[in-house]
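Data first, discussion second: the structure below is written as structure tokens.
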Amino acid sequence: MARFSDEFLAELRMRCDIEQFISPYVQLKRRGKNLVGLCPFHNEKTPSFTVYPESQSYYCFGCGAGGEVINFIRRAENLDYVEAVSFLCDKCGMVMPTDGYDNSIAEKRRRMYEINKEAARFFNSYLFSEEGKVGLDYFKSRGYKKGTLIRFGMGYAPDKWDGLLRYMRQKGYSYEELYEANLANKSTKDNKTRYYDSFRNRAMVPIIDVRGNVVAFGGRVLDDSKPKYINTSDTLVYKKSLGVFGLNFAKNSKERKLIIVEGYMDAISLHQAGFDNAIACLGTALTGEMAHLLARYTDEVILAYDADEAGQKATDRAIGILNSIGMKLKVVKLTGGKDPDEILKNYGPERFRSLIEGAANDIEFELLQARNGLDLQSGDGKIKYLEKVASILAKTRNSIAQDVYSSKIAEELQVNKQSIIARIEQLRRKERYTREKQQYKKIQQDSMSRNSKLAITNNTNIKVLNAEEMLIASILRSPEFYDRIKVDVSQEDFTSEDNKRIFSAITEKIKDHRSLELTFFTQDLTQEQMNALVKIDKKHEFPISIKGCLDCIAVIKQEQERRKTRVPLTDMSDEEFRNLFKKNQ
């Protein structure tokens, strides 16, 4: 595969300060010479994501994600390598090379964007045609105005097996391209493959990402038949766990907070009513990935999920996720309708605005929910409610909030405030003990699992892996060491496949007198191997001598000899097999 030149990558690295590019995704705080924040790639309450300005790298000690600015943009924006480089070039004003690299994935992605855009045009034009009157009548029955239909690019999928297919084929797109974009399905009978439209006789809503690309579609039936909604599955340009409807508009709202509703129809109704900061999650409840995406554009959200049981469960889940990344939040208690759309129809936008203004924060909402079904006039009801109160307040780290709500509820129920505080502390100690016990158990399990896996696959141990990592870290920091040890070790001596590839990539660069900065490994290693390389770099920061390198090689060589003489697992007795695990724990 063709490659970017080191000269080009060096200039890109120089222009793209990693702190500047990570800051829109992660709220960073300085800790000494480094910066820390909550990892954007997994949920966590304690910051374990570290940015190292000196080496222009990052590493998460929680999930093991690591690399440099290109790797970060790849993961954060769900791009391939070439697209991430192009993204950075656009941001820093560099000219992307016109040749010398494999852009097949980028070209395939670009083609899929075009396909989705053309399909959106087809659905929209059909909506305003004579044949699409049934779709237009449906939207009118929902109260949508023509301006709203145009603004959101809404459309209608005709009640035909090949309405879209024939149109797209005339535009030069293949059946397989349409299938990969999830706009067509296929069936095989008598060794013949037949393609047909995925969306038929449905009101269509295009899903547009924050950069203005049509990435997916949602299709709703016009009656009460099932399934009610059909949505695009994951494709090369769309990932449901990152799918947020309306963010392309809401991010430009003058409001500094976002309203989250369950469905895109609710979001569209709110926009039409003047709430241009409304968004909806797509195909799934709020995920950690979505929360991190929203955190780029706001630090406060308002949850306005449906009033039914499913909506309340989704609310509880969202509260936990948003709290875990430090988002401010309020929860709307919907009255007068089962969802925002119904409230707008029944009472108008002013009623919904009053609900927004009266929204409770997350603690207040949970305290209100805890009252449901309890008789607070009875002793038994009070005790059950106070237990729930203590559990809710034990989850917050805000001591002022604990004090305020404890005082308020103690006064209301005429109980001693200190008894509530004491129960909160008791629950927090119990939770802390349980968490520490689980962490310890997980460490033990991970260690046993890793050692057992190594014993089964490689008949090796942690000492050997540490020797491999120390040797890699040493020549990465002191490449001159390689000339003195190259006759003693080769990549084939390593037990870990990742370490083999990393060692090979480093030594190839040393032989060619090329830079060993992380940026220059991004097109040689997979994301997992980059994670491993950065982990090695951060784990073994202390200097090591030539003698230390030779000691590491001795350990690796001993393992090589042991593997040559080991008894095959299939020939081992039960006792020998059990002892194999004991030696590696």
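What you see below is based on every heavy atom in this structure, not just the backbone, and it leaves out hydrogens, waters and symmetry mates.
Atoms NZ and CG, on Lys338 and Asp308 in that order, are 9.0 Å from each other to the nearest 0.5 Å. One distance of note links CG of Asn34 with OG1 of Thr50; it measures 7.0 Å at 0.5 Å rounding. Going from atom OH of Tyr385 over to atom CG of Asp375 covers 13.5 Å, rounded to the nearest 0.5 Å. Atom OG1 of Thr315 is separated from atom CG of Leu322 by 10.5 Å, given to the nearest 0.5 angstrom. Distance check: Gln377 CD to Lys382 NZ gives 7.0 Å after rounding to the nearest 0.5 Å.
The local environment of CD in Gln27 is sparse, with at most 12 non-hydrogen atoms from other residues, nucleotides or ligands closer than 6.0 Å. Within 6.0 Å of NZ in Lys345 there are more than 12 heavy atoms belonging to other residues, nucleotides or ligands. Within 6.0 Å of atom NZ in Lys146, 12 or fewer heavy atoms from other residues, nucleotides or ligands are found, so the atom counts as exposed in its surroundings. The environment of Phe128 atom CZ is dense: over 12 non-hydrogen atoms of other residues, nucleotides or ligands sit within 6.0 angstrom. For Arg256, the CZ atom is loosely surrounded, since the number of other residues' heavy atoms within 6.0 Å does not exceed 12. The number of heavy-atom neighbours closer than 6.0 Å to NZ of Lys384, taken from other residues, nucleotides and ligands shown, is 12 or below. For Arg151, the CZ atom counts as densely surrounded, since its 6.0 Å shell holds more than 12 non-hydrogen atoms of other residues, nucleotides or ligands.
For the pair Arg169 and Tyr175, the cation-pi criterion (under 6.0 Å, within 45° of the ring axis) is fulfilled.
Between the side chains of Ser225 and Asp223, a donor-acceptor pair is found at a separation under 3.5 Å. Judged purely by distance below 3.5 Å, without hydrogens or angles, the side chains of Tyr138 and Arg142 pair a donor atom with an acceptor atom. No hydrogens or angles considered: a donor-acceptor pair under 3.5 Å links the side chains of Arg423 and Gln426. If you check the side chains of Ser407 and Lys417, you find a donor sitting under 3.5 Å from an acceptor. For the residue pair Ser269/Tyr144, the side-chain donor-acceptor check at 3.5 Å is satisfied.
Annotation: side chain of Leu282 is not in contact with side chain of Asn231 (no heavy-atom distance under 4.5 Å). Looking only at side-chain heavy atoms (C-beta outward), Asp341 and Val261 stay at 4.5 Å or farther from each other. At a threshold of 4.5 Å between non-hydrogen side-chain atoms, the residues Asn323 and Leu329 count as touching. Put simply, the side chain of Glu176 reaches to within 4.5 Å of the side chain of Tyr195, judged on heavy atoms.
Although no hydrogens or angles enter the test, the distance criterion places no donor-acceptor pair under 3.5 Å between the side chain of Glu300 and the main chain of Lys328. Under a 3.5 Å cut-off, the side chain of Gln272 and the backbone N or O of Gly143 do form a donor-acceptor pair. Put simply, the side chain of Glu255 never gets that close to the backbone of Lys257: no donor and acceptor are under 3.5 Å apart. The backbone N or O of Gln20 sits less than 3.5 Å from a side-chain atom of Asp17, completing a donor-acceptor pair. Judged by distance alone, the side chain of Asn213 and the main-chain N or O of Tyr113 form no donor-acceptor pair under 3.5 Å. Arg109 places a side-chain N or O within donor-acceptor distance of the main-chain N or O of Leu236, the cut-off being under 3.5 Å. Arg202 contributes a side-chain N or O that, together with a main-chain N or O of Lys228, makes up a donor-acceptor pair within less than 3.5 Å. No donor-acceptor pair under 3.5 Å is formed between the side chain of Gln170 and the backbone N or O of Leu165.
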- [ ] Assess whether side-chain hydrogen bond (donor to acceptor under 3.5 Å, both in side chains) is satisfied between Asn201 and Tyr156, documenting all intermediate values.
- [x] CA-CA 7 Å; Asn201 193 29; Tyr156 171 68; 2.7 Å; yes
- [ ] Report the C-alpha separation of Glu19 and Arg30 in whole Å, then their side-chain angles, then the decisive distance to 0.1 Å, and conclude whether the salt bridge (charged side-chain N to carboxylate O under 4.0 Å, His left out) test is met.
- [x] CA-CA 11 Å; Glu19 179 182 349; Arg30 189 159 295 281; 3.6 Å; yes
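A side-chain contact (heavy atoms from CB on, under 4.5 Å) with Glu177 is found for exactly one of Glu114, Lys108, Arg111, namely Arg111.
Note: Phe352 and Tyr347 fail the aromatic proximity criterion, with ring centroids not under 6.0 Å apart. Checked against the 6.0 Å centroid criterion, the rings of Phe217 and Tyr238 do not qualify as a close aromatic pair. Checked against the 6.0 Å centroid threshold, Tyr58 and Phe72 count as a close aromatic pair.
Using the six-membered ring where Trp is involved, Tyr264 and Phe245 have ring planes that are tilted, between 30° and 60° apart. Note on ring orientation: taking the six-membered ring where Trp is involved, the planes of Phe122 and Tyr126 are tilted (angle from 30° to 60°).
A salt bridge is absent between Glu412 and Lys408: the closest approach of a Lys/Arg side-chain nitrogen to an acidic carboxylate oxygen does not fall below 4.0 angstrom.
Of all heavy-atom pairs spanning Leu303 and Ala318, the tightest one is CD1-CB, 3.9 Å.
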